[in-house]
Amino acid sequence: LVFGVSALDRYIHERVVKGIVNALRTPNLTRRQEEFSIPAVLAIRISEEAARARRLGRAVRPANEVRKKIQEILHKRPFQNWADLEYAFELLGITTLASQLRTAYNAQDIAPIRTQLNEIVYKRNLIVHEGDLVRHERGGKVRKLEITGQHVEVSLNFLDDFVARLDSVT
């Protein structure tokens with residue numbers, strides 16, 4: 001389960017990093033794109049590196065430097081639950097994630113899919129951050145939360161199918 005959510009996170013990061021520079025060059029930016037920023041210190045460093053490279057006669061590709069810095073910034077942020085995915089796709093200029101997934105799933109309502117994704121991510125976070133233990137037990141006893149192999153299998157199958165359908169979102 002942990003690796004499945006990590007794979008989803010990695011997939012989204014790669015998709016955003018590969019597409020964000022071109023997406024930010026479009027004339028009609030989304031609100032998220034307009035609000036996305038890199039620290040001023042990084043912008044100054046990129047500018048200085050480009051000027052230094054030009055003085056040395058080297059080819060300058062500032063967009064690649066920007067992409068690297070964006071990658072550093074984004075890899076500090078998870079892209080796992082529904083809200084994270086909406087944010088990531090909005091950075092790419094895609095504001096119709098829910099409707100495109102509704103079409104991909106041939107579903108009237110995306111809420112059950114959103115809920116299932118968020119529940120899987122919640123369980124992953126319980127495992128990773130809390131050892132999959134009950135938060136507080138009377139008498140100080142430690143008790144593990146239940147998880148079955150079937151739950152893990154269903155969750156991984158869902159994530160696999162979900163990512164395949166995300167591939168159709170443009």
Side-chain angles (χ1 to χ4, degrees), residues 1-105 110 113-114 116-118 120-131 152 155-170:
L1 193 65
V2 171
F3 290 132
V5 173
S6 294
L8 169 65
D9 183 72
R10 176 64 188 225
Y11 166 81
I12 299 299
H13 274 97
E14 288 301 314
R15 188 150 174 194
V16 171
V17 168
K18 285 180 182 175
I20 193 163
V21 171
N22 286 337
L24 293 174
R25 288 180 172 153
T26 60
N28 299 320
L29 298 177
T30 67
R31 183 178 61 84
R32 298 280 190 183
Q33 288 173 317
E34 288 179 355
E35 292 173 354
F36 183 76
S37 62
I38 61 173
V41 171
L42 292 178
I44 291 168
R45 276 194 207 130
I46 291 168
S47 172
E48 289 171 347
E49 288 171 17
R52 187 173 23 260
R54 242 184 252 113
R55 279 193 306 273
L56 297 172
R58 291 189 322 213
V60 180
R61 299 194 60 181
N64 283 346
E65 294 305 312
V66 169
R67 187 182 343 272
K68 287 180 202 173
K69 299 304 181 188
I70 289 172
Q71 186 173 12
E72 288 175 25
I73 292 166
L74 292 179
H75 277 293
K76 294 175 186 170
R77 178 194 174 106
F79 290 132
Q80 298 172 356
N81 65 32
W82 183 262
D84 295 340
L85 269 58
E86 281 187 317
Y87 177 78
F89 279 89
E90 285 179 21
L91 287 178
L92 295 173
I94 300 168
T95 59
T96 57
L97 177 63
S99 65
Q100 287 192 54
L101 283 175
R102 244 190 330 271
T103 301
Y105 276 100
I110 200 71
I113 293 152
R114 179 185 305 132
Q116 187 171 1
L117 173 65
N118 287 340
I120 291 168
V121 171
Y122 178 75
K123 182 65 171 173
R124 176 255 179 219
N125 290 340
L126 284 176
I127 292 167
V128 170
H129 299 294
E130 299 180 30
V152 173
S155 297
L156 291 176
N157 287 338
F158 169 84
L159 289 170
D160 186 46
D161 183 56
F162 184 73
V163 168
R165 293 173 198 259
L166 281 176
D167 270 338
S168 70
V169 174
T170 56

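Basis for what follows: all heavy atoms, side chains included, without hydrogens, waters or symmetry-related copies. None of these values were measured; they are calculated from a predicted model.
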Worksheet entry | Contacts of type side-chain contact (heavy atoms from CB on, under 4.5 Å), residue Asn157, not counting sequence neighbours | Glu153

Fill in: Residue pair His13, Val16: steps toward the side chain to side chain contact (heavy atoms under 4.5 Å, CB included) verdict
CA-CA 5 Å; His13 274 97; Val16 171; 6.0 Å; no

Discussion item. Under a 3.5 Å distance rule, please check whether Asn118 uses its side chain to pair with a backbone N or O of Trp82 as donor and acceptor.
Written reply: yes

Worksheet item: Between atom CD1 of Ile120 and atom OG of Ser155, what is the distance when rounded to the nearest 0.5 Å?
Response: 4.0 Å

Fill in: Residues which pass salt bridge (Lys or Arg N to Asp or Glu O under 4.0 Å) with Glu35, listed by chain and number, not counting sequence neighbours
Arg31

Listed pairs under 3.5 Å, donor-acceptor, residues 19-29 side chains, sequence neighbours left out:
from: Asn22; atom 1: OD1; to: Arg25; atom 2: NH1; distance (Å): 3.3
from: Thr26; atom 1: OG1; to: Ala23; atom 2: O; distance (Å): 2.8

Practice prompt. Tell me, please, which residues at least two apart from Phe158 pass ring-ring contact (aromatic ring centres under 6.0 Å, His included).
Written response: Phe162

Discussion item. Once side-chain contact (heavy atoms from CB on, under 4.5 Å) is applied, do any residues pair with Ser47, and if so which ones, sequence neighbours excluded?
Written reply: none

Worksheet item: So, Asp9 side chain and Val5 main chain: donor-acceptor pair closer than 3.5 Å or not?
Response: no

Worksheet item: Would you find a donor on one side and an acceptor on the other, under 3.5 Å apart, between the side chain of Glu86 and the backbone of Ala83?
Response: no

Worksheet item: According to the salt bridge (Lys or Arg N to Asp or Glu O under 4.0 Å) rule, which pairs have a member within residues 42-60, sequence neighbours left out?
Response: none

Worksheet item: Just by distance, do the side chain of Thr30 and the backbone of Gln33 share a donor-acceptor pair under 3.5 Å?
Response: yes

Practice prompt. Assess whether side chain to side chain contact (heavy atoms under 4.5 Å, CB included) is satisfied between Asn125 and Val121, documenting all intermediate values.
Written response: CA-CA 6 Å; Asn125 290 340; Val121 171; 3.8 Å; yes

Practice prompt. Return the set of residues passing side-chain contact (heavy atoms from CB on, under 4.5 Å) with Val2 (not counting sequence neighbours), or none when no residue passes.
Written response: Ser6, Arg124, Ile127, Val128

Discussion item. Under the salt bridge (Lys or Arg N to Asp or Glu O under 4.0 Å) definition, can you give me all pairs with a residue in residues 158-170, not counting sequence neighbours?
Written reply: Asp161-Arg165

Worksheet item: Can you tell me how far CG of Leu85 sits from CZ of Phe79, rounded to the nearest 0.5 angstrom?
Response: 8.5 Å

Worksheet, complete the sentence: Sorted by chain and residue number, the side-chain contact (heavy atoms from CB on, under 4.5 Å) partners of Thr103 (sequence neighbours excluded) come out as none

Discussion item. List the residues meeting ring-ring contact (aromatic ring centres under 6.0 Å, His included) with Tyr87, not counting sequence neighbours, and say none if there are none.
Written reply: none

Going by atom type alone, with no hydrogens or angles, which donor-acceptor pairs under 3.5 Å involve a side-chain atom of residues 68-77 and a protein atom two or more places apart or on another chain?
from: Lys68; atom 1: NZ; to: Glu65; atom 2: OE2; distance (Å): 3.2

Item to complete: Mind checking the CG-CG spacing from Leu159 to Leu8? Nearest 0.5 Å is all I need.
Response: 6.0 Å

Item to complete: Using the side chain to side chain contact (heavy atoms under 4.5 Å, CB included) rule, take Leu166 and Leu101 through it: C-alpha gap first, then chi angles, then the decisive distance, then the call.
Response: CA-CA 7 Å; Leu166 281 176; Leu101 283 175; 4.0 Å; yes

Item to complete: With rounding to the nearest 0.5 Å, note down the distance linking OG in Ser168 to CD in Gln100.
Response: 6.5 Å

Discussion item. Taking side chain to side chain contact (heavy atoms under 4.5 Å, CB included) as the criterion, tell me which of Asp84, Thr95, Ile12 meets it with Phe89.
Written reply: Ile12

Fill in: Approximate separation, where rounding is to 0.5 Å, of Arg10 CZ and Glu14 CD
4.0 Å

Worksheet item: Among all residues two or more places apart in sequence or in another chain, which pass the salt bridge (Lys or Arg N to Asp or Glu O under 4.0 Å) test with Glu90?
Response: Arg32

Worksheet, complete the sentence: Note: Ile46 and Ile38 closest approach over all heavy atoms is CD1-CD1, 4.1 Å

Worksheet entry | Non-hydrogen side-chain atoms of Asn81 and Leu117 separated by less than 4.5 Å | no

